[in-house]
Amino acid sequence: MTSERLHHGPESLSLHHGPPAGGDRLLFLTEALRTFHDTGALAPSGAELVNALVVPVTSRPNRPISVLEVGAGTGVVTRRLAQVLRPGDRLHVVEANPRFAERLREDPVLAARHPGVGLRLSACRVEELSECHPSATDSARPEGCAQRYDVIVSGLPFTNFEPAQVRDILELYLRLLAPGGELTYFGYLGTTTARTLTSGPRRGARHRAVVRLLRGFEAAYGLGERTVWRNVPPARAYLLRAPGGRESWAPTGSRALEPKAAARETNTEPGTGAGATDAKATTGGSTGGAAPATR
């Protein structure tokens, strides 16, 4: 896969995204006001950001795949995944907020997914998944994980967390991904300044430390990124690949991207919550390990 898969084809705009958005937005806002540290946004992701996040699933090998979504919220990405997955595929959804998890259990789009698509919901933090903790019976499995995933889609608000927690989660994602598997996440633009002004220098320093950590992770594993401008605030989706063997993944309807800019704004915050619409894309390399543009 190359980073041009971050730019969706026309087919990605035509699918229905689920129940009326009003109920989701109200629940999301209620939970954001109650637990903003874990929610990280005031509204669910918009359609264009959702399309960017599911790119590794719409450009995929010709075989069943296993997908992990972490931090599903009210399910805007989950519903899109359920629509594009094929019989034989498996979707594992992890959502720690019990109110969001209950909404997902009752979601009619998920219930109406294609026959043969496996769906599992874990109402816990990703760090608590049992398959990530080796036992005497599974110690022979790679890294102690009972399950490996071809794709991970993360909606966690990384810049709300401590740097050590973010590092642990990123390392966990690498353990959970199959060799050559792909990870997407996103962040809002321009929040470092806002965090420093509203929360003081100490939290601003923590925020910048997380951003530096994420930038290093992207430099090591990044394939590309896409900016989604018409969100409030605008967001940027990141596409990364785990080390290891790679079979051929076939793009579906991708369009060529603009060349990578020589420099990017310095105030991009990955992993800060929910998203937006419309896009301008920049390329990473066509192979894993390509460094992102300077920000």
Side-chain angles (χ1 to χ4, degrees), residues 1-7 40 49 52-53 55-56 59 68 70-71 126 143 149-193 195-196 204-228 234-246 249 257-273 275 279-295:
M1 182 193 88
T2 68
S3 57
E4 65 184 32
R5 293 193 353 241
L6 281 172
H7 216 56
L49 180 57
L53 292 171
V55 154
S59 299
L68 174 68
V70 181
V126 66
E143 302 291 344
Y149 300 93
D150 298 291
V151 176
I152 297 177
V153 179
S154 177
L156 295 180
F158 287 134
T159 53
N160 281 9
F161 301 161
E162 293 297 324
Q165 183 182 6
V166 174
R167 183 180 296 106
D168 289 345
I169 292 171
L170 295 177
E171 290 176 352
L172 173 58
Y173 284 167
L174 289 177
R175 295 198 302 273
L176 287 172
L177 281 169
E182 293 182 352
L183 163 68
T184 58
Y185 56 77
F186 73 97
Y188 293 134
L189 307 186
T191 58
T192 294
T193 301
R195 180 67 61 92
T196 300
R206 178 197 56 77
H207 189 104
R208 289 190 296 273
V210 170
V211 171
R212 287 194 298 270
L213 191 158
L214 291 163
R215 290 292 85 83
F217 189 71
E218 290 148 20
Y221 304 107
L223 289 178
E225 57 193 55
R226 175 183 166 193
T227 303
V228 182
R236 185 169 292 150
Y238 297 85
L239 175 64
L240 304 97
R241 180 180 292 165
R246 184 71 182 169
W249 287 36
L257 299 185
E258 300 174 10
K260 183 190 289 188
R264 301 295 296 275
E265 75 163 290
T266 59
N267 213 2
T268 306
E269 321 305 340
T272 51
K280 174 182 178 184
T282 61
T283 62
S286 61
T287 60
T294 303
R295 286 174 288 279

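Closest of all the heavy-atom pairs between H207 and T159 is CE1-CB, 3.5 Å. R206 and F161 make their closest contact through NH1-O, 2.7 Å (heavy atoms, listed as atom of the first residue, atom of the second, distance). Contact record, L223 with E182: CD1-OE2, 3.8 Å, taken as the closest heavy-atom pair. Contact detail for P163 and L213: the closest heavy-atom pair is O-CD1, 3.5 Å. Between L49 and A237, the shortest heavy-atom distance links the atoms CD1-CB, 4.0 Å. Of all heavy-atom pairs between D150 and A178, the closest is OD1-CB, 4.4 Å.
When each of I169, V153, L214, L53 is checked for a side-chain contact (heavy atoms from CB on, under 4.5 Å) with Y185, only L214 meets the rule.
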task = Walk me through it: do R226 and V55 pass the test side chain to side chain contact (heavy atoms under 4.5 Å, CB included)?
result = CA-CA 11 Å; R226 175 183 166 193; V55 154; 5.8 Å; no
message = L170 vs F158, test: side chain to side chain contact (heavy atoms under 4.5 Å, CB included). Steps then yes/no.
response = CA-CA 10 Å; L170 295 177; F158 287 134; 4.1 Å; yes
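Taken to the nearest 0.5 Å, the CZ atom of F217 stands 9.0 Å off from the CD atom of E171.
Residues forming a side chain to side chain contact (heavy atoms under 4.5 Å, CB included) with P243 (at least two apart in sequence, or on another chain): L174, Y221. Annotation: side chain to side chain contact (heavy atoms under 4.5 Å, CB included) contacts of L177 (sequence neighbours excluded): I152, L183, A242.
At least one side-chain heavy atom of Y173 sits less than 4.5 Å from a side-chain heavy atom of V70.
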